[in-house]
Each structure stands twice: as C-alpha cells, then as structure tokens.
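Quick caveat: nothing in here was measured; it's all calculated off a predicted structure. As the structure lists them, so they are numbered: ligands from 1, and atoms in each ligand from 1.
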Amino acid sequence: MHEFKYKNNHLYCENIKIEDLAKKFGTPLYVYSYHTLIDHFFKLKNAFKPVDPLICYSVKANSNLAILKALVDKGAGLDIVSGGELYRAKASGVDAKKIVYASVGKTEEEIEKAIRHGILFFNVESIPELELINKVACRLGAKTNVAIRINPDVEPKTHKYITTGKLTNKFGIDFETARIIFLSNNELPHLDICGIHMHIGSQITDSAPYIAALKKIVKFIGELKKRGINLKYLNIGGGLGIIYNKETPQTAKEFSRKIIPVLKSTGLKIIMEPGRFIAGNSGVLITKVLYMKKTPLKNFIIVDGAMNDLVRPSLYGAYHEILPLYNPAGSKRINIKYDVVGPICESGDFLAKDRAVSKISAGEYLAVMSCGAYGFTMSSNYNSRPRACEALVIKNKAFMIRKRESDKDLIRNEHVPNFLLGF
Ligand SMILES: *Cc1c(COP(=O)(O)O)cnc(C)c1O
C-alpha cells in the first residue's frame with residue numbers, strides 16, 4: 001500500500017496534489033510520503049514482533065536527514081556503510097547503540113570515528129579488517145563488538161550487480177575462514193566477536209535462497225555453540241524485494257512466518273537491515289515533459305529528469321512505472337510506445353523503454369514511481385546538472401527537505417591554480 005493515488009484525475013501524495021508541488025519546487029523533484037515510509041517500517045516491525053528485532057534502516061537506500069529522523073523517531077536503528085553515513089546517523093540523533101556498520105573497505109579513520117562514537121557493532125568482511133579494528137580499538141583503549149559477515153554462497157536470483165552472497169562477490173567471509181576466526185577469538189583481545197551477519201543481495205523476491213542462507217548460518221551457530229562459543233547477535237541483513245512492476249514478493253507477514261521459527265531457535269538478538277522495503281515505495285520522481293520527438297523508428301518523450309537523477313534504469317535495467325500527474329477521465333494508454341529519456345548525452349540515459357503511456361504533451365508532468373530507495377542517493381552531477389530538490393509530504397503539508405542545487409554548488413569545491421590565472 002502506498003499513498004500515491006488519483007483523485008479527480010490528479011495524482012496525489014497523501015492529501016497534496018503533486019502538480020502543485022512540481023510548480024512550487026520545480027522539477028526534477030523527489031516527493032516522499034511520510035505515512036508510506038512509516039507504514040512500511042511498522043509493517044516489518046509488526047510482522048517480526050515475536051522476535052522483537054532491532055530494525056536498522058539501511059541509510060544508503062535514502063539518506064536524507066529528514067527521512068532518517070522520521071524513522072529514528074519511531075525507534076529505528078541505522079545500518080551504515082561509510083564514515084559519511086556515520087556522520088548522517090549522528091546528525092539524525094540515533095542512539096549509538098542502534099548503529100551497525102558494514103563495508104568491505106572501512107578506512108582506519110572511519111573505524112576510529114565509529115569506535116569513538118560507540119556503535120553497536122561492526123559487520124566485518126575480512127581478516128585484515130578484523131586485525132585493523134583490533135589495532136584501532138587497542139590504541140583507543142576500547143573493546144569493540146564485531147559481527148562476522150558470512151558469505152553463505154547462495155544465488156539470490158536478483159540482478160548480478162546487487163548479488164552479494166556468492167563466493168565470487170567481494171562481500172563477507174566464507175564459513176571455513178569464519179570458523180578459524182571464532183576459534184581464535186582471544187588473539188584479538190580488543191574485539192568481542194559476538195555476532196554473525198548476512199546480507200545476500202537486494203530486491204530479493206524469492207525467499208528460498210534467503211532461507212537456504214539462513215539455515216546454513218543457523219547450523220554454523222549451532223556448531224559454534226557446541227565448541228563453547230556463544231554469540232549475542234544474529235544480523236539477517238536486508239534485501240526484501242518490493243513491487244516495481246509485476247513482481248510478486250512475499251509480504252513481510254509471509255516472510256516472517258517462514259523465518260521466525262528459525263530465528264527463535266537461535267536465541268540470539270535479531271538485527272534486520274531493510275532499506276528498499278521501507279523507503280522504496282514511499283517516493284516518486286516528478287519530471288516535466290520537454291519535447292515529444294518522433295524519429296523514423298522511435299517515439300521519444302524527452303523529460304527534464306535524467307540518469308543523473310535516477311540511475312536505476314540505466315544501471316540495472318530497472319523498471320519503474322510511469323504515470324501522468326494529470327490523467328483526464330477516459331484517457332487510456334495509447335497504443336504508441338515511447339522511450340522516456342532525459343537530456344544527458346548518453347544513449348544509456350533513459351527512465352523507461354518502449355512504454356505505452358497515457359496521452360501526454362510537452363509542459364505536462366510525469367511521475368516515475370517507486371523511487372524512494374536508491375533514487376536520490378545514487379544521483380550525481382553528470383552533465384553539470386544540479387541535483388534535484390526533495391520534498392516530504394505529511395497529510396496536507398509539504399516540506400522541502402533538500403534544496404535544489406544551484407549552478408554555484410556545481411563549482412563550489414573547485415580551484416583554478418594560479419598558473420592558469422597568469423600569476
Ligand atoms: C544495502 C544493504 C542493505 C539494504 O538492502 P536493501 O535491499 O535495500 O534492503 C542491508 N545491509 C547491507 C550490509 C547492505 O549493504
């Protein structure tokens with residue numbers, strides 16, 4: 001369920017006509033529904049109530065401070081993957097003991113900042129990283145919690161760029177190496193290796209690989225227990241898929257019903273790291289039609305939003321539904337198929353291909369649906385396009401939560417050396 005619906009032929013976000021926002025804030029514009037965001041958080045929280053997990057929202061899905069604050073206020077923790085995200089997490093006011101930190105390439109500086117801040121634990125992805133965290137903790141006179149990110153070697157049946165749990169991927173540690181680490185814990189006196197982490201990929205719509213990975217891990221936890229190694233945390237990652245097109249992902253309820261018995265059997269504190277599931281359907285990208293262009297072979301709708309604003313179609317061939325903001329009564333999808341493309345100088349710059357859309361003309365607006373996750377956060381300034389504005393809607397109120405970048409922002413950090421200025 002989401003809060004983007006037509007009323008009197010106009011697309012609304014909660015109780016606000018989106019076209020009014022497009023006129024007020026300009027386009028391209030990200031619009032988020034507060035209630036859709038929060039509802040998805042609670043959907044998961046309620047579905048998993050029997051194990052009372054700590055839900056650490058994955059910051060990289062949508063890291064706007066207002067989005068983080070909205071979730072943190074409802075009790076969410078945060079899953080971070082960089083020092084920059086640690087900074088955002090701090091700014092959101094989240095309790096440090098609700099932050100978990102994964103990444104294959106944490107720098108010494110990032111590790112130090114996270115230890116100083118007192119995060120709940122690091123999800124560690126290699127032995128050299130483990131040694132570095134131990135060294136930094138030693139220098140700071142600290143003892144730090146870590147969870148071992150296991151690479152369970154399963155095929156999650158999602159796009160290969162977002163598959164993370166196969167042994168050919170750079171993520172995590174194989175079982176054999178993990179066993180060695182757990183059995184030699186006291187060699188790293190500044191670490192408490194007290195958890196296991198898995199995250200096998202994103203946009204997973206079939207629970208079988210997820211369950212297969214979980215079972216392998218639970219078996220491993222049992223083995224460790226027999227050897228006298230008792231863990232505290234089981235972090236089951238994120239990856240829950242959402243509906244973009246015709247996917248049929250299981251609901252949070254169905255998913256939880258399948259895995260709760262397995263989770264309970266471990267007796268460990270459960271951590272979850274959902275990103276897309278919480279933020280994905282809570283946002284749309286609004287773009288204005290600049291030109292209708294017909295070539296001998298194709299029909300193009302040229303819009304002011306582009307791959308720099310939303311890279312998912314170009315990067316993953318991802319499907320996003322496209323709806324007109326104004327859809328007058330009786331206007332049906334016409335039989336002509338269009339490519340919806342942006343102004344960027346790349347043929348890979350498209351938001352949709354061969355799509356039948358309702359009748360539309362230049363000056364009108366389109367909504368690219370389900371852009372709340374991995375939308376703005378993956379945006380760039382390519383072609384020197386200032387990044388889009390972001391707005392958050394709650395009932396009949398709209399707030400700008402990120403100002404549109406200016407031309408000045410584009411060159412803000414650049415320096416022309418004196419020799420080029422003739423000094
Ligand atoms: C990206 C990521 C997530 C979130 O993935 P979603 O598919 O958005 O739920 C969770 N954990 C880790 C370690 C990640 O890298």
_Looking at Lys23 and Asp20, is there a salt bridge between them, counting it only when a charged N and a carboxylate O are closer than 4.0 Å?_
no

*Taking only residues two or more places apart in sequence or in another chain, which ones pass side chain to side chain contact (heavy atoms under 4.5 Å, CB included) with Glu364?*
Tyr326, Ile360, Ser361

*What pairs of residues pass the side chain to side chain donor-acceptor pair (under 3.5 Å) test when at least one of them lies in residues 85-101, not counting sequence neighbours?*
Tyr101-Glu110

*Judged by modelled atom types alone, do Arg385 and Asn308 share a side-chain donor-acceptor pair under 3.5 Å?*
yes

*asked:* Taking NZ in Lys298 as the centre, count heavy atoms belonging to other residues, nucleotides or ligands within less than 6.0 Å. Is the count above 12?
replied: yes

*Quick one: side chain to side chain donor-acceptor pair (under 3.5 Å) pairs with a partner in residues 366-377, sequence neighbours left out?*
Asn281-Ser370

*Measuring from each atom of ligand 1, which residues have a heavy atom under 4.0 Å away?*
Ser58, Lys60, Asp79, Ala102, Arg149, His197, His199, Ser202, Gly238, Gly239, Glu273, Pro274, Gly275, Arg276, Tyr374

